[in-house]
Amino acid sequence: MQRHLITPRPDLAARLQERGMLYHEGYYAETSAYQLTANEVDRLEAATNELFEMCLSVVRHVIEHELWDEFCIPRAHAELIKRSWREDDVSLYGRFDLGYDSRTGDLKLLEFNADTPTALLEAAVVQHDWLRSAGRPDQWNSLHERLVGHLRACRAELSADAAGGIDLHLACARDSAEDYMTVAYLAECARQAGYTTRLLYVDEISVDSNQGNRFCAPDGQPIRHLFKLYPWEWLLREEFAEYLAPNYETTTWIEPPYKAILANKMLLVYLWKLFPGHRLLLESHYVPATDPGAYAGAWCRKPVLGREGQNTSIVEDGQVLEARDGEYGAEGFVLQRFFPIETFDGWLPVLGAWVVAGEAAGLGIREQPQSLITDNLAQFAPHWFS
Amino acid sequence: MKKPAIFLSLAFAAAVSACQQQPKEPEWITGAGSKGATRDTVRNGRSYRHYQGSWFPIYAGLISPGSYRGGTTQEISRPGYVPSRVSGGSHGSGIRSGGFGSSAHSSSGS
């Protein structure tokens with residue numbers, strides 16, 4: 001893999017606006033791009049598929065052994081999660097964050113953004129647009145086609161209205177332009193797959209006692225299928241959580257409830273337990289929130305329930321090398337062996353390997369200068385391979 | 001791996017531009033002054049931007065004065081201060097909303 005300096009297209013801002021990127025300053029500058037070999041892409045694709053299968057093994061293990069407390073999942077929702085797994089509820093996508101060193105070929109799982117991954121539009125559309133403009137030969141990116149194709153295939157598993165149409169509501173939190181951008185793009189994919197779509201905010205979802213406590217949209221219509229860019233770990237702890245299980249037959253949630261297991265950092269611990277020493281994994285252990293943190297060697301310490309690098313720190317022999325503030329960590333931490341990502345002119349790229357419908361589907365690279373922790377301030381860089 | 005161009009429909013552009021144009025539902029802006037500069041600060045681990053006399057929480061580099069009440073310097077400096085949302089409309093009999101969404105202090109994405 002190589003990093004190249006590139007010249008941003010003169011009409012970049014207009015192009016990004018046209019493709020639905022609500023913000024790009026400081027995030028998508030189009031001043032660097034990564035070049036991979038076809039062999040590297042083949043390895044990434046195979047590794048992504050293998051990791052996904054391993055992750056599903058963890059879900060099976062957690063359900064079989066009822067490890068709800070270990071994953072900080074309220075037991076009241078265990079049956080909901082088990083049922084969504086048993087019935088193989090519709091799932092769209094996920095993103096593995098991988099550390100890579102092209103000099104040694106080492107490729108390691110850093111984490112799995114299984115439930116609410118963003119950085120989708122730039123990976124699926126924006127970098128593809130760049131590829132065409134730049135005239136580069138190829139890109140590992142079939143995200144858009146796979147999303148539309150999978151949504152089309154899922155129509156058979158969802159309930160149609162009297163006219164044969166399928167409604168899909170898509171919800172996100174109010175706070176984030178990035179989240180809105182992601183659900184707006186997924187809504188576009190769904191429309192291309194023949195759905196009727198409606199966007200709403202998560203706090204607009206209502207429960208109507210006149211309709212058997214069904215989940216409803218702001219217009220009062222029952223929600224039959226709901227894509228939510230909102231973590232299960234939050235949904236399961238909020239006021240309306242009690243209506244989730246009773247509404248299982250009437251509202252299909254996408255991503256499904258079992259993603260609460262996959263999106264949890266304890267996944268890393270159980271991957272290591274089930275596949276110790278696996279070449280794609282980093283040694284990982286759970287430590288309680290009160291742990292003093294004096295560990296031998298270099299480790300990355302991540303909150304069990306955390307987001308965007310918050311409360312993550314890099315520690316070496318008890319010394320904190322780098323740390324992020326945040327509001328997570330009460331449930332304890334996962335200690336993951338530190339992996340030194342290859343540096344390119346002071347930039348550290350993290351490879352975001354996408355999974356759609358359970359299969360490897362493409363790559364999005366985010367890079368960050370002089371930082372060991374990738375957070376929501378990393379920049380996106382397009383890639384190509386030859 | 002080669003593939004045809006991706007065409008996004010007008011509906012997608014409309015949905016995204018609606019996010020930018022509606023004044024309170026919500027409008028996300030940079031909050032830059034007439035010279036293009038912003039004035040930011042960090043209090044209790046959260047970033048704020050000064051806009052029209054108040055401090056608004058920054059998400060993904062943007063602020064939304066239509067969604068959040070602005071705080072004074074004193075307020076945002078207070079330990080435990082959480083930016084509060086501008087409340088929404090009322091609901092009909094038998095319908096309750098707001099039972100989801102209370103955990104969203106920052107981006108829900110990852």
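Just so we're on the same page: letters track the sequence lines, and every chain starts at 1. Bear in mind that the values here come from a model prediction, so they are computed numbers and not experimental data.
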Measure distances from [X] to the heavy atoms of chain B and classify the residue's part below 4.5 Å as side chain, backbone, both or neither.
X	answer
A:L121	side chain
A:L186	neither
A:R237	neither

### Query
In terms of heavy-atom contacts, does CD of A:E242 have more than 12 from other residues, nucleotides or ligands at under 6.0 Å?
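More than 12 within 6.0 Å, yes.
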
### Query
Which residues satisfy the side-chain hydrogen bond (donor to acceptor under 3.5 Å, both in side chains) test with A:Q127, sequence neighbours excluded?
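With neighbours one apart ignored, the set is A:H383.
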
#### Entry: Closest non-hydrogen atom pair, A:A177 against B:L62
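Scanning both residues completely, I find the closest heavy atoms to be CB-CD1, 3.8 Å.
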
### Query
Angle class for the A:F215/B:F100 ring planes (parallel below 30°, perpendicular above 60°, tilted otherwise)?
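Taking B:F100 first and then A:F215, their aromatic rings sit tilted (interplane angle of 30° to 60°).
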
### Query
Which residues satisfy the ring-ring contact (aromatic ring centres under 6.0 Å, His included) test with B:Y51, sequence neighbours excluded?
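For B:Y51, no residue satisfies ring-ring contact (aromatic ring centres under 6.0 Å, His included) once neighbours in sequence are set aside.
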
